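Since the structure comes first, as structure tokens, the remarks are kept for the end.
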Number of protein chains: 2
Amino acid sequence: MGIGAEERLILEDYLRERGQKMTRPRETVLEAFLKLERHVTAEELFAAAQRLDPSIGQATVFRTIKLLADAGLAREACPDEGARRYEHSYKHEHHDHLVCLGCGAIVEFKDPAIERAQDAIYVKYGYRPSNHRLELEGYCPVCAKKKVGV
Amino acid sequence: MGIGAEERLILEDYLRERGQKMTRPRETVLEAFLKLERHVTAEELFAAAQRLDPSIGQATVFRTIKLLADAGLAREACPDEGARRYEHSYKHEHHDHLVCLGCGAIVEFKDPAIERAQDAIYVKYGYRPSNHRLELEGYCPVCAKKKVGV
DNA sequence: AAGAGTATGATAATCATTATCAATACGATT
DNA sequence: AATCGTATTGATAATGATTATCATACTCTT
């Protein structure tokens with residue numbers, strides 16, 4: 001079974017249910033996406049997909065990454081600025097981010113206490129939970145040392 | 001004492017410290033911003049500022065809202081898509097957001113348990129805290145009812 | 001293999017934001 | 001109040017990211 005076979009099936013099912021089609025370009029984008037393990041922009045994904053198939057168009061990449069997000073295979077990360085970024089979603093459990101403002105390093109973490117406290121908030125206001133995003137910003141040990149006294 | 005006098009002084013101090021000047025357009029933008037109580041885009045702020053002074057330019061609004069953010073009077077909110085949004089920062093304590101995906105309603109809340117758990121994360125990874133952003137998405141009681149079974 | 005309908009890639013268009021630049025306003029000093 | 005050096009302004013062009021358009025090509029079912 002090739003890499004991404006499972007994800008391919010998910011996408012196929014998702015498309016079929018909506019009368020849409022599985023195509024070669026979509027496969028290519030999916031394959032490129034699965035190989036990239038970090039938060040990627042459409043730009044980066046486009047470059048990676050082109051390496052697999054030089055004839056692929058930029059518009060297709062934009063269209064397909066949105067499909068992947070809808071199908072539950074990708075998930076939007078929330079950048080402070082610049083282009084939208086996506087990360088893996090399927091079999092990549094929800095997590096929060098700790099971002100270094102100095103070097104851009106990203107720690108992914110999950111904290112039961114935070115999750116529990118968030119659930120309590122939903123209950124308190126009577127909201128039905130969907131998803132959430134938590135970004136902690138700060139300076140990693142290395143960068144913090146460089147900026148002592150700032 | 002006029003509305004926003006305090007904020008005006010903060011901006012003035014901030015500018016003076018950096019050899020920059022307090023000008024009429026900047027006052028106008030500040031005034032417009034202080035009157036708007038919700039998360040605003042530069043676009044909306046521009047419209048509001050134009051009502052106060054039709055001669056004001058769009059570029060000035062973009063420039064000034066960034067100044068306000070640097071001066072601690074405004075703060076960036078993190079939108080899922082579209083234009084950047086700003087909210088009041090001065091005398092508006094840090095808080096998190098609970099957003100309804102149905103009607104767009106926003107509840108602002110602050111939870112000690114969440115704050116504490118976040119601080120623990122910073123410590124655990126040796127990061128120096130800067131700021132953080134938490135957005136809980138879901139459906140408010142009204143919208144949840146409309147979408148039963150979804 | 002043919003037909004109906006979706007997808008593609010190239011390009012133009014849009015939206016938010018930033019850069020450019022000549023003209024103007026600020027405010028410290030005289 | 002007039003002057004001067006510098007920062008700021010508004011209009012416009014430029015940029016970057018994303019979306020719309022559209023004629024052609026591809027998929028899937030028959």
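Small disclaimer: the values here were computed from a predicted structure and weren't measured. Per chain, numbering begins at 1; letters A, B, ... match sequence-line order.
Within the 4.5 Å cutoff, the side chain of A/Glu44 has no heavy atoms near those of the A/Arg38 side chain. Using a 4.5 Å heavy-atom threshold, the side chains of A/Thr64 and A/Leu30 count as separate.
Side-chain N/O atoms of B/Arg26 include one lying less than 4.0 angstrom from OP1 or OP2 on D/dT9. At C/dA7, one or more side-chain N or O atoms of A/Gln20 fall inside 4.0 Å of OP1 or OP2 (strictly under the cut-off). In this model, the phosphate group of D/dT19 is approached by a side-chain N or O of A/Lys66 to a distance below 4.0 Å at OP1 or OP2.
Of the candidates D/dT18, C/dC26, C/dT8, the closest approach to any side-chain atom of A/Thr60 belongs to C/dT8. Ranking C/dG27, D/dT18, C/dT18 by closeness to the B/Met22 side chain, first place goes to C/dG27.
With DNA chain D read from its 5' end, the first of the two nearest nucleotides for B/Ile56 and A/Thr23 is the one closest to B/Ile56. Each of B/Thr64 and B/Lys21 has a nearest nucleotide on DNA chain D; the 5'-most of these lies closest to B/Lys21. Two residues, A/Asp53 and B/Arg16, neighbour DNA chain C, and the one matched to the more 5' nucleotide by heavy-atom proximity is A/Asp53.
A donor-acceptor contact under 3.5 Å links the side chain of B/Arg63 to the base of D/dG10.
Put simply, CD on B/Glu27 is 15 Å from C1' on D/dT9, counting in whole angstrom units. The distance between atom CZ of B/Phe62 and atom P of D/dT9, rounded to the nearest whole Å, is 15 Å. When rounded to the nearest whole Å, the span between CZ of A/Arg24 and P of C/dG9 equals 12 Å. Rounded to an integer number of Å, the gap from A/Phe46 CZ to C/dG9 C1' is 10 Å. Computed from coordinates, the A/Leu15 CG to C/dA7 P distance equals 8 Å when rounded to whole Å. In this structure, A/Arg84 places its CZ atom 12 Å from C1' of C/dC15, rounding to the nearest Å.
Across all strands, A/Ser55 comes closer than 4.0 Å only to sugar-phosphate atoms, never to a base (heavy-atom distances).
B/Tyr14 and B/Phe33 fall within a single hydrophobic cluster, where Ile, Leu, Val, Met, Phe, Trp and Tyr side chains are chained together by heavy-atom contacts under 4.5 Å. Hydrophobic cluster membership is shared by A/Tyr122 and B/Val107, with clusters built from Ile, Leu, Val, Met, Phe, Trp and Tyr side chains linked at under 4.5 angstrom.
Side chains of B/His95 and B/Glu87: a donor on one and an acceptor on the other come within 3.5 Å.
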